[in-house]
Peer 1: 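My questions will all concern the structure given below.
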Amino acid sequence: MKYRGIIFDLDGVLCSTDEYHYRAWLALAQKLGIPFSREDNARQRGVSRMESLEILLEKSPRSYTDAEKQELADYKNRLYVQSLQNMTEADLSEEVRSTLKQLRKKGILLAVGSSSKNTPLILRRIGLAGFFDAVSDGNGITHSKPHPEVFLKAAAMLGLAPQDCLVVEDAYSGIEAGVAGGFDTAAVGFARSHPKADYALTCFADLLQIAEG
Ligand code: BG6
Ligand code: MG
């Protein structure tokens with residue numbers, strides 16, 4: 001096997017929560033009267049909730065105190081968590097489910113590496129709670145992507161060196177985090193155009209060949 005472990009980003013890789021994030025940030029922006037585009041939203045991929053808020057506030061005519069920012073982030077998160085209640089095991093695609101199982105059968109260790117503090121909730125909703133060998137998420141890190149901390153923690157939890165692990169990402173910041181941590185990276189969706197990704201996946205099941213080398 002070329003890789004002993006694979007570390008998956010969650011939002012946009014294992015499941016599609018991006019639209020829920022976008023709609024919740026858009027609702028906040030509209031409430032504040034701040035313009036907010038899909039391009040702004042793309043820059044929020046992979047980065048923490050508070051850093052995502054800072055991106056949204058870049059176009060704000062007024063400044064906010066730290067306490068106000070916390071309230072704004074809480075407001076967005078309440079909307080986002082409400083929409084997560086619509087998620088079920090049907091939101092885990094059959095392709096992702098079966099690929100994960102086949103990778104495990106090959107003896108590869110599997111981890112999640114996500115900036116999201118909602119990771120445990122989302123994994124429960126899509127039926128993957130308890131599935132992974134390690135979960136490293138926004139609750140256990142002080143620096144979010146493009147800093148490699150979340151992936152380095154995941155690799156350490158697996159007991160593996162970064163060179164033995166592949167990081168799978170949909171965000172530019174995530175590919176950069178993987179590269180900065182010394183991992184090989186596989187890009188899906190939005191991140192496929194990142195020049196530093198080692199692989200650009202055409203479908204999730206491509207990982208089965210890539211893992212073998
Ligand atoms: C990342 C998303 O996975 O998690 C970002 O790509 C999001 O868009 C970040 O801001 C933090 O998520 P949460 O659930 O902790 O607000
Ligand atoms: Mg993502």
Side-chain angles (χ1 to χ4, degrees), residues 1-18 45-46 89 91-116 118-120 122-141 144-213:
M1 254 349 112
K2 184 163 167 68
Y3 299 105
R4 296 174 66 197
I6 303 184
I7 305 171
F8 299 91
D9 173 49
L10 177 65
D11 295 310
V13 170
L14 294 176
C15 60
S16 300
T17 45
D18 301 49
R45 286 202 179 100
E89 294 187 13
D91 286 284
L92 179 68
S93 77
E94 197 40 52
E95 185 191 13
V96 171
R97 188 195 313 273
S98 111
T99 304
L100 289 173
K101 280 192 188 152
Q102 291 177 70
L103 290 168
R104 168 149 295 151
K105 268 201 195 142
K106 291 177 190 288
I108 298 168
L109 295 176
L110 305 176
V112 171
S114 167
S115 301
S116 173
N118 290 300
T119 296
I122 296 168
L123 290 178
R124 275 202 303 280
R125 300 237 41 115
I126 60 176
L128 284 180
F131 175 83
F132 289 94
D133 301 296
V135 175
S136 170
D137 67 27
N139 299 294
I141 53 170
S144 79
K145 302 166 189 175
H147 193 285
E149 182 181 9
V150 75
F151 295 137
L152 292 172
K153 279 206 163 179
M157 287 178 196
L158 295 178
L160 297 176
Q163 309 85 268
D164 292 326
C165 300
L166 178 70
V167 158
V168 187
E169 260 294 347
D170 73 313
Y172 263 51
S173 62
I175 296 292
E176 279 149 27
V179 171
F183 298 87
D184 278 5
T185 57
V188 304
F190 193 80
R192 291 182 74 245
S193 54
H194 197 296
K196 288 197 183 150
D198 295 288
Y199 311 96
L201 303 189
T202 51
C203 66
F204 196 82
D206 285 351
L207 288 171
L208 295 168
Q209 266 94 57
I210 291 171
E212 300 210 351

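Predicted model, so just to flag it, every value in this text is computed and none were measured.
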Peer 1: Pair up each side-chain donor or acceptor in residues 9-17 with any protein partner under 3.5 Å, not counting sequence neighbours, and list the distances.
Peer 2:
{"residue": "Asp9", "atom": "OD1", "partner": "Lys145", "partner atom": "NZ", "Å": "2.9"}
{"residue": "Asp11", "atom": "OD1", "partner": "Thr17", "partner atom": "OG1", "Å": "2.3"}

Peer 1: What pair of heavy atoms forms the shortest contact from Cys203 to Glu95, and how long is it?
Peer 2: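 Where Cys203 meets Glu95 most closely, the heavy atoms are CB-OE2, 3.3 Å.
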Peer 1: Considering only heavy atoms from C-beta outward, does the side chain of Ser114 approach that of Ile122 to under 4.5 Å?
Peer 2: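 Of all side-chain heavy-atom pairs linking Ile122 with Ser114, none is under 4.5 Å.
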Peer 1: Considering all heavy atoms of both residues, which atom of Glu176 and which atom of His194 are nearest to each other, and what is their separation?
Peer 2: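 So the two residues come closest at OE2-NE2, 3.0 Å.
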Peer 1: For residues Leu152 and Pro162, report the shortest heavy-atom separation together with the two atoms involved.
Peer 2: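 Leu152 and Pro162 have their closest heavy atoms at CD2-CG, 3.8 Å.
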Peer 1: I'd like to check Ser193 versus Tyr172 (side-chain heavy atoms, cut-off strictly below 4.5 Å). Are they in contact?
Peer 2: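 Yes - at least one pair of side-chain heavy atoms lies under 4.5 Å apart.
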Peer 1: At their closest point, which heavy atom of Ser144 faces which heavy atom of Ser115, and how far apart are they?
Peer 2: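 Minimum heavy-atom contact is CB-OG, 3.9 Å.
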Peer 1: What distance separates Ile141 CD1 from Phe151 CZ, expressed to the nearest 0.5 Å?
Peer 2: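 Interatomic distance, Ile141 CD1 to Phe151 CZ, rounded to 0.5 Å: 9.0 Å.
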Peer 1: Against the six-membered ring of Phe131, is Arg104 placed for a cation-pi contact (under 6.0 Å from the centre, within 45° of the normal)?
Peer 2: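 Judged by the rule, Arg104 and Phe131 form a cation-pi pair.
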Peer 1: Are there over 12 heavy-atom neighbours, none belonging to Lys101, within less than 6.0 Å of that residue's NZ?
Peer 2: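 Counting other residues, nucleotides and ligands, NZ of Lys101 stays at 12 neighbours or fewer.
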Peer 1: Can you give each donor-acceptor pair under 3.5 Å made by side-chain atoms of residues 178-186, sequence neighbours left out, with the distance rounded to 0.1 Å?
Peer 2:
{"residue": "Asp184", "atom": "OD2", "partner": "Tyr3", "partner atom": "OH", "Å": "2.5"}
{"residue": "Thr185", "atom": "OG1", "partner": "Asp198", "partner atom": "N", "Å": "3.3"}

Peer 1: Rounded to the nearest 0.5 Å, how far does CG of Leu208 lie from CD of Gln102?
Peer 2: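 Spacing of CD (Gln102) from CG (Leu208) equals 5.0 Å.
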Peer 1: Do Leu207 and Leu166 pass the side-chain contact (heavy atoms from CB on, under 4.5 Å) test, and can you show the C-alpha distance, the side-chain angles, and the key distance before you say yes or no?
Peer 2: CA-CA 10 Å; Leu207 288 171; Leu166 178 70; 3.8 Å; yes
Peer 1: Output the distance between atom CZ (Arg4) and atom CG (Leu109), rounded to the nearest 0.5 Å.
Peer 2: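 So the CZ of Arg4 and the CG of Leu109 are separated by 7.5 Å.
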Peer 1: What's the shortest heavy-atom distance between Ala111 and Leu158, and which atoms?
Peer 2: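 Result for this residue pair: CB-CD1, 3.8 Å.
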Peer 1: I'd like to know whether Leu128 forms a side-chain contact (heavy atoms from CB on, under 4.5 Å) with Val112, so could you lay out the CA-CA distance, the side-chain angles of the two residues, the decisive distance to 0.1 Å, and finally the verdict.
Peer 2: CA-CA 11 Å; Leu128 284 180; Val112 171; over 6 Å; no
Peer 1: Measuring from Met1:CE to Leu103:CG, what's the distance to the nearest 0.5 Å?
Peer 2: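 Met1 CE to Leu103 CG: 9.0 Å, rounded to 0.5 Å.
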Peer 1: Could you check whether any side-chain N or O of Ser136 sits under 3.5 Å from a backbone N or O of Gly113, counting only pairs where one atom can act as donor and the other as acceptor?
Peer 2: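 The answer is no, because no donor-acceptor pair under 3.5 Å joins these two groups.
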Peer 1: Roughly how far, to the nearest 0.5 Å, is CG of Asp133 from CD1 of Ile108?
Peer 2: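 One finds 11.0 Å between CD1 of Ile108 and CG of Asp133.
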Peer 1: Working to the nearest 0.5 angstrom, can you tell me the gap between Lys196 NZ and Ile175 CD1?
Peer 2: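 Output value for this atom pair is 11.0 Å.
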Peer 1: Shortest non-hydrogen contact from Asp137 to Ser116?
Peer 2: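 So the two residues come closest at CB-O, 3.5 Å.
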Peer 1: Look at the side chain of Lys153 and the backbone N and O of Gly140, then say whether any donor-acceptor pair between them is shorter than 3.5 Å.
Peer 2: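 Yes, the answer is positive, given that a donor and an acceptor are paired below the 3.5 Å cut-off.
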Peer 1: Salt bridge check: are Arg45 and Asp18 linked by an N-O gap of less than 4.0 Å?
Peer 2: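 Counted as a salt bridge, because a side-chain N and a carboxylate O are separated by less than 4.0 Å.
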